[in-house]
> 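Quick one: structure below, then a few questions.
Atoms within a ligand are numbered from 1 in the order they appear, just like the ligands themselves. Computed from heavy atoms alone, side chains included, the values below leave out hydrogens, waters and symmetry copies. Just so we're clear, the structure is a prediction, and the values are computed from it rather than from any experiment.
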Amino acid sequence: MGYKRFEEYNVKVTDGIRSSYQTILSELGEDPVREGLKKTPERAAKAMQFLTQGYHQDPAKILKSAMFREGYSDMVVVKDIELYSLCEHHMLPFFGKAHVAYIPDGQIVGLSKIPRVVDVFARRLQVQERLTHDILECINETLKPQGVAVVIEASHMCMMMRGIQKQNSVTTTSGFRGVFETVETRTEFLRLIGSDLS
Ligand SMILES: Nc1nc2c(ncn2[C@@H]2O[C@H](COP(=O)(O)OP(=O)(O)OP(=O)(O)O)[C@@H](O)[C@H]2O)c(=O)[nH]1
Ligand SMILES: [Zn+2]
């Protein structure tokens with residue numbers, strides 16, 4: 001069946017999440033039944049369930065649904081994949097770009113499946129480091145390529161809207177497996193994505 005978008009996923013808003021948001025509104029000093037807020041617990045529950053739908057999706061299955069035997073054995077790079085996730089410490093967004101590359105070993109994967117895998121892991125509560133490794137290991141273990149590389153550049157709302165309140169800091173995380181562990185291949189990838197790390 002493969003990957004399904006939330007709209008097709010038929011997830012019902014969970015009563016417990018909706019009523020918890022109603023409690024939060026009251027505890028914040030708001031009137032949860034005033035006109036503008038009446039539907040807010042429902043909307044917030046729906047939004048949060050959308051943003052965490054990755055718990056109900058199987059990223060390996062997504063990759064397996066479009067793997068093809070092919071002799072191509074050079075680098076495949078999908079860069080600038082926009083990414084929105086939630087930090088598990090504050091449940092506030094972090095967002096930015098993911099860059100993913102692999103070198104096939106007899107099998108390629110449908111290109112769209114790479115951003116889909118990024119979305120599945122991003123739509124769970126995360127830290128940027130684990131998100132990077134989740135994507136890396138999933139592609140490595142499922143596609144079994146000669147190598148895989150992932151770089152994520154992201155800004156964290158928990159460091160922008162509150163806390164340290166730094167508006168311009170960007171965090172870069174990276175992971176390399178197989179042939180990307182050699183300097184030459186890694187450097188070529190970093191050059192192709194225009195990374196400062198190269
Ligand atoms: N390593 C890592 N840290 C993260 C990520 N997202 C948020 N954090 C950090 O998680 C840490 C949680 O630290 P705590 O001291 O428990 O929380 P806090 O009091 O809200 O910390 P401040 O943000 O410094 O005010 C903070 O330093 C955040 O910046 C992430 O993806 N990776
Ligand atoms: Zn945070």
> For ligand 1, does His89 get within less than 4.0 Å through its side chain, its backbone, both, or neither, judged by non-hydrogen atoms?
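Looking at His89 and ligand 1, just side chain atoms fall under 4.0 Å.
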
> Have a look at ligand 1 and work out which part of Arg162, if any, has a heavy atom under 4.0 Å from it: side chain, backbone, both or neither.
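The answer is the side chain.
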
> Near Cys87, which atoms of ligand 1 are under 4.0 Å from a heavy atom of that residue?
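Listed by number with element: 6 (N).
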
> Considering only the protein, which heavy-atom contact is closest to atom 28 (C) of ligand 1, and what is its distance?
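That would be His90 CE1, 4.1 Å.
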
> For atom 31 (O) of ligand 1, what's the nearest protein heavy-atom neighbour? Residue, atom name and distance, please.
Gln128 N, 2.6 Å

> Are there protein heavy-atom neighbours of atom 10 (O) of ligand 1 below 4.0 Å?
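Given the 4.0 Å cut-off, atom 10 (O) of ligand 1 counts as touching protein heavy atoms.
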
> Give the minimum heavy-atom separation between Ala149 and Phe180, together with the two atoms involved.
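For Ala149 versus Phe180, the nearest heavy atoms are CB-CD2, 3.6 Å.
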
> Might you point out which heavy atoms bring Pro145 and Ile103 nearest each other, and give the distance in Å?
CB-O, 3.2 Å

> When you look at Arg130 and Phe121, which way does the side chain to side chain contact (heavy atoms under 4.5 Å, CB included) test go after all the steps?
CA-CA 9 Å; Arg130 191 171 67 240; Phe121 287 118; over 6 Å; no

> Checking a contact table here: which protein heavy atom is nearest atom 32 (N) of ligand 1, and how many Å away?
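For atom 32 (N) of ligand 1, the nearest protein heavy atom is Glu129 OE1, 2.8 Å.
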
> If you compare all heavy atoms of Gln57 against all heavy atoms of Val120, which two are closest, and at what distance to 0.1 Å?
OE1-CG2, 3.5 Å

> Look at His156 and state whether any of its N, O or S atoms is less than 2.8 Å from the Zn ion (ligand 2).
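Looking at His156, which is the residue asked about, there is no N, O or S atom under 2.8 Å from the Zn ion (ligand 2).
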
> Phe176 vs Phe189 aromatic rings, parallel, tilted or perpendicular, using cut-offs 30° and 60°?
perpendicular

> Apply side chain to side chain contact (heavy atoms under 4.5 Å, CB included) to Lys144 and Asp105, showing your working.
CA-CA 7 Å; Lys144 300 192 189 329; Asp105 189 13; over 6 Å; no

> Of the protein's non-hydrogen atoms, which lies at the shortest distance from atom 29 (O) of ligand 1, and what is that distance?
Met159 CG, 3.9 Å

> Can Glu137 and Arg177 be counted as an ion pair, charged N to O under 4.0 angstrom?
yes

> Can you check atom 1 (N) of ligand 1: any protein non-hydrogen atom closer than 4.0 Å?
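Protein heavy atoms within 4.0 Å of atom 1 (N) of ligand 1 - there is at least one.
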
> How about atom 6 (N) of ligand 1: does it have a protein heavy atom within less than 4.0 Å?
yes

> With heavy atoms of Cys158 as the reference, note each atom of ligand 1 found under 4.0 Å away.
7 (C)

> Would you say atom 22 (P) of ligand 1 has a protein heavy atom nearer than 4.0 Å?
yes

> Taking all non-hydrogen atoms of both residues, which atom of Gln49 and which atom of Val13 are closest, and how far apart?
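Heavy atoms only, the tightest pair is OE1-CA, 3.4 Å.
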
> Restricting to N/O/S, name the atom of His90 that gets closest to the Zn ion (ligand 2).
ND1

> Do any of the N/O/S atoms of Cys158, backbone or side chain, fall under 2.8 Å from the Zn ion (ligand 2)?
yes

> Checking His99 against Glu153 for the side chain to side chain contact (heavy atoms under 4.5 Å, CB included) test, could you report, in this order, the C-alpha distance in whole Å, the side-chain angles of both residues, the deciding distance, and whether it holds?
CA-CA 9 Å; His99 313 286; Glu153 300 164 309; 3.0 Å; yes

> Minimum heavy-atom separation for Gln128 to Ala154, with atom names?
OE1-CB, 3.5 Å

